[in-house]
Amino acid sequence: MKQPKVTRRGFLATTAATGAAAALALSGCSSGGSSSSSAASSSTEPTPASAILAAPAYESSNCNPIGNSSALMLAATWHVFEGLYDLDLHDYTTYTALASGEPVKVDDVTYEVSLREGAKFSDGTDVTSADVVASFEANMADGTYGAFLSFIDTVVAKDDATVTFALKYPFESLLKNRLSVVKIAQAKAIEDYLAAFKAAKDSASNPDDVKPEKIDVALSKNPIGTGPWMYDTINGNDGGTITFKPNENYNGKMPATCESMDWNVLLDSTSRTTAITDGSVQAIESVPDANADQIANSGADVEYVPGFALPFLMFNTKKAPFDDVRVRQAFFYAIDVQKLIDNQMDGHAVAATSFLPEAYANYHEASTVYTYDTEKAKALLAEAGQTGLKCELMVNNNWVNALAPQIKEDLAAAGIDVTINETKINWAALAPSEETLPYDVMLTPGDPSCFGNDPDLLMTWWYGDNVWTQGRSCWKGTPEWTQLQTLLQQGREAAAADQQAIWNQCFDIIADNVPIYPLFHREVGTAFVSEKLEGFAPISTTGLVFLDVTPME
């Protein structure tokens with residue numbers, strides 16, 4: 001019988017801040033399972049197939065590369081677009097993509113980057129420095145990506161093929177990693193999109209209802225990139241498909257290897273299990289833990305990779321009593337996290353002892369580690385004057401909903417009566433302009449490691465000056481938040497050797513205050529037929545990567 005196995009791939013890679021570029025690839029436990037890199041022996045030489053077939057586990061209709069953070073469309077963007085530099089998400093090393101080489105250091109705060117010779121968009125038009133400038137400026141102004149790029153002062157075209165980055169402060173140790181966040185689109189397409197988006201907001205009765213994917217311009221409907229693949233059709237709804245075809249104008253290192261790539265979007269765990277076991281697809285993401293043995297017995301490989309994927313509790317800190325840190329802490333002491341891991345995750349997770357997972361190179365055990373302690377939770381609530389607390393637990397309608405029943409029971413034992421509201425989260429409703437946010441406590445998953453794995457980026461995602469702290473947790477403006485921003489900035493400007501000590505202080509502040517905080521760090525499960533996908537390997541974050549992968553008959 002072919003057993004599921006665990007490998008410890010990319011997330012263990014040391015970050016650029018620590019100066020190591022090599023990735024670790026350590027095999028974990030396997031009960032006689034075959035390696036994903038070994039194909040079944042055959043006397044017949046395998047022949048390439050015509051298509052890559054996959055089943056993603058998340059849905060989205062937003063294919064716009066500016067500020068894109070959806071698990072589905074971000075993965076699609078990796079194949080259709082390039083940055084100046086891109087991340088190899090198997091080990092988090094940075095490689096040259098649209099750039100022709102390394103950034104050229106002019107001085108401590110000035111760098112020049114030249115474009116790859118002959119680079120074209122999939123419509124045949126040349127890539128110029130104007131496209132790079134427009135892409136960076138649009139993302140710098142974006143509410144999501146802007147916080148990642150705050151170190152940039154200006155981006156200007158030195159000539160048609162060279163861009164000059166002027167930084168606000170030295171940022172050498174993290175520069176290439178962070179530049180990889182921005183994917184390059186056509187300047188004219190960006191201009192058309194921004195104008196149409198502004199016009200739609202200006203004319204809308206409720207500007208928050210205006211979504212990027214609803215803007216009827218090319219960048220939102222069928223965007224054009226420089227990557228090895230280009231969009232053919234886009235329907236990112238559950239049960240829909242995204243189809244790709246080769247970009248014939250691509251001149252980079254990883255051209256498309258077959259005639260098409262087809263993604264069948266399947267949110268339902270049973271549907272994804274069926275798709276991989278009956279051979280309809282060659283790979284699925286987010287393996288249902290209860291079906292791992294079934295999938296392995298069908299002949300597919302099942303691999304679990306430790307990573308940053310996590311379920312977190314987020315509190316409406318603008319609303320009493322969740323503005324009291326003792327109440328927030330009581331929730332974490334009240335929940336039996338190990339029981340959740342054992343029963344709901346089939347052991348494929350590790351309880352959080354810090355913001356970062358223990359497998360991560362920059363891990364630091366936080367000053368406050370939450371262990372299951374009902375009596376301590378009760379004591380904290382009593383100190384806060386919160387006996388008989390009643391509230392709503394908003395639960396996202398994805399895999400975290402399986403955690404909610406036990407969490408409700410655990411909280412009840414500590415004297416917190418929660419009503420579960422399972423729903424598809426309307427993130428637009430959690431806007432900075434809102435005076436009354438429509439939730440008390442939220443349980444939802446997240447994983448910003450799809451953008452990179454340096455600690456500053458990961459902390460900035462949830463705790464920087466952005467939509468998360470302005471209008472979701474509403475933690476911005478508190479003394480603790482302000483202290484954290486000061487330390488984060490010190491870390492950005494510090495030499496690589498000095499960053500860890502600063503980041504450790506940040507991890508402690510986050511763990512002590514828990515406006516948003518993980519319950520556990522999940523191992524990411526991927527199923528694939530290794531004999532059918534030459535060169536494929538799972539990653540430690542959401543998404544599937546088929547760059548330089550060849551499908552086989």
Side-chain angles (χ1 to χ4, degrees), residues 310-347 349-355 357 365-423 425 437-446 462-463 472-475 478 480 507-522:
L310 52 87
F312 61 86
L313 291 181
M314 178 170 70
F315 299 87
N316 180 357
T317 64
K318 189 180 269 190
K319 180 178 181 179
F322 310 111
D323 56 347
D324 190 323
V325 67
R326 294 169 296 185
V327 173
R328 302 196 298 267
Q329 289 181 340
F331 273 72
F332 285 92
Y333 282 115
I335 298 171
D336 188 345
V337 172
Q338 191 57 50
K339 186 177 178 182
L340 288 173
I341 293 171
D342 292 341
N343 293 347
Q344 304 302 327
M345 307 305 298
D346 199 28
V350 177
T353 55
S354 183
F355 174 65
E365 183 175 303
S367 55
T368 302
V369 176
Y370 296 93
T371 55
Y372 179 44
D373 192 336
T374 302
E375 294 308 312
K376 185 161 187 173
K378 289 179 179 179
L380 284 168
L381 291 168
E383 288 178 22
Q386 294 299 320
T387 57
L389 173 61
K390 294 184 178 181
C391 63
E392 180 181 271
L393 179 66
M394 182 179 288
V395 179
N396 213 338
N397 66 337
N398 48 37
W399 65 269
V400 297
N401 58 24
L403 308 176
Q406 184 203 304
I407 290 176
K408 176 180 172 67
E409 288 184 10
D410 291 346
L411 294 174
I416 305 173
D417 181 9
V418 301
T419 300
I420 295 175
N421 174 15
E422 183 183 327
T423 183
I425 304 299
L437 295 172
Y439 86 103
D440 297 329
V441 187
M442 184 186 297
L443 171 66
T444 190
W462 275 310
Y463 309 107
R472 294 178 180 177
S473 69
C474 295
W475 194 44
T478 64
E480 296 80 10
F507 299 144
D508 290 346
I509 291 172
I510 292 167
D512 291 345
N513 289 276
V514 290
I516 302 170
Y517 203 66
L519 293 170
F520 54 74
H521 293 101
R522 185 185 187 190

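- Partners of Glu392 by side-chain hydrogen bond (donor to acceptor under 3.5 Å, both in side chains), not counting sequence neighbours, listed by chain and number: Asn421.
- Residues passing the side chain to side chain contact (heavy atoms under 4.5 Å, CB included) test with Asn397 are Glu422, Lys424, sequence neighbours excluded.
- Taking both residues in full, the closest heavy atoms of Tyr463 and Pro515 are given as CE2-CG, 4.1 Å, listed atom of the first, atom of the second, then distance.
- Residues satisfying the side-chain hydrogen bond (donor to acceptor under 3.5 Å, both in side chains) test with Thr423, not counting sequence neighbours, are none.
- For Asn396, the side chain to side chain contact (heavy atoms under 4.5 Å, CB included) criterion is met by Asn398, Val400, Ile425, Trp427, Thr444, Pro445, not counting sequence neighbours.
- Side-chain contact between Leu313 and Ile335 is present, with at least one heavy-atom pair separated by less than 4.5 Å.
- Across all their heavy atoms, Ile341 and Ala349 have their closest contact at CG2-O, 3.5 Å.
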Would you check, one step at a time, whether the test side-chain contact (heavy atoms from CB on, under 4.5 Å) holds for Thr478 with Thr317? CA-CA 10 Å; Thr478 64; Thr317 64; 5.7 Å; no
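- With rounding to the nearest 0.5 angstrom, the CZ atom of Phe322 is 13.0 Å from the SG atom of Cys474.
- At distances below 3.5 Å, at least one donor-acceptor pair connects side-chain atoms of Arg328 with backbone N or O atoms of Asn513.
- Residues passing the side-chain hydrogen bond (donor to acceptor under 3.5 Å, both in side chains) test with Asp417: none are found, sequence neighbours excluded.
- In this structure, Tyr372 and Lys339 have side chains that are not in contact, with every pair of non-hydrogen atoms separated by 4.5 Å or more.
- Taking CD1 of Ile509 as the reference point, atom CZ of Phe507 lies at 11.5 Å (rounded to 0.5 Å).
- The CE atom of Met314 sits 10.5 Å away from atom CH2 of Trp462, with the distance rounded to the nearest 0.5 Å.
- The structure places CD1 of Ile516 at 9.0 Å from CZ of Phe355, a figure rounded to the nearest 0.5 Å.
- A search for side chain to side chain contact (heavy atoms under 4.5 Å, CB included) contacts involving Thr419 returns nothing, not counting sequence neighbours.
- Partners of Phe332 under the ring-ring contact (aromatic ring centres under 6.0 Å, His included) rule, at least two apart in sequence or in another chain, are Tyr370, Tyr517.
- Asp346 meets the side-chain hydrogen bond (donor to acceptor under 3.5 Å, both in side chains) test with no other residue; sequence neighbours excluded.
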Show the atom names and distances, to 0.1 Å, of all donor-acceptor pairs under 3.5 Å that link a side chain in residues 373-383 to residues at least two apart or in another chain.
from	atom 1	to	atom 2	distance (Å)
Asp373	OD1	Glu375	N	3.4
Asp373	OD1	Lys376	N	3.0
Lys376	NZ	Tyr333	OH	3.4

Give every donor-acceptor pair under 3.5 Å between a side-chain atom in residues 403-411 and any protein atom, sequence neighbours left out.
from	atom 1	to	atom 2	distance (Å)
Gln406	OE1	Leu340	N	3.4
Gln406	NE2	Asp336	O	2.9
Gln406	NE2	Asp410	OD2	2.9
Lys408	NZ	Val418	O	2.4
Asp410	OD2	Asp336	N	2.9

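- In plain terms, the two heavy atoms of Ala351 and Phe520 that are nearest each other are CA-CB, 3.9 Å.
- With sequence neighbours left out, Val350 forms a side chain to side chain contact (heavy atoms under 4.5 Å, CB included) with Glu358.
- The structure places CZ of Phe331 at 4.0 Å from SG of Cys391, a figure rounded to the nearest 0.5 Å.
- Here the side chain of Gln329 pairs a donor or acceptor atom with the backbone of Asp512 at under 3.5 angstrom.
- Partners of Lys319 according to the salt bridge (charged side-chain N to carboxylate O under 4.0 Å, His left out) rule, which considers only residues two or more places apart in sequence or in another chain, are Asp440.
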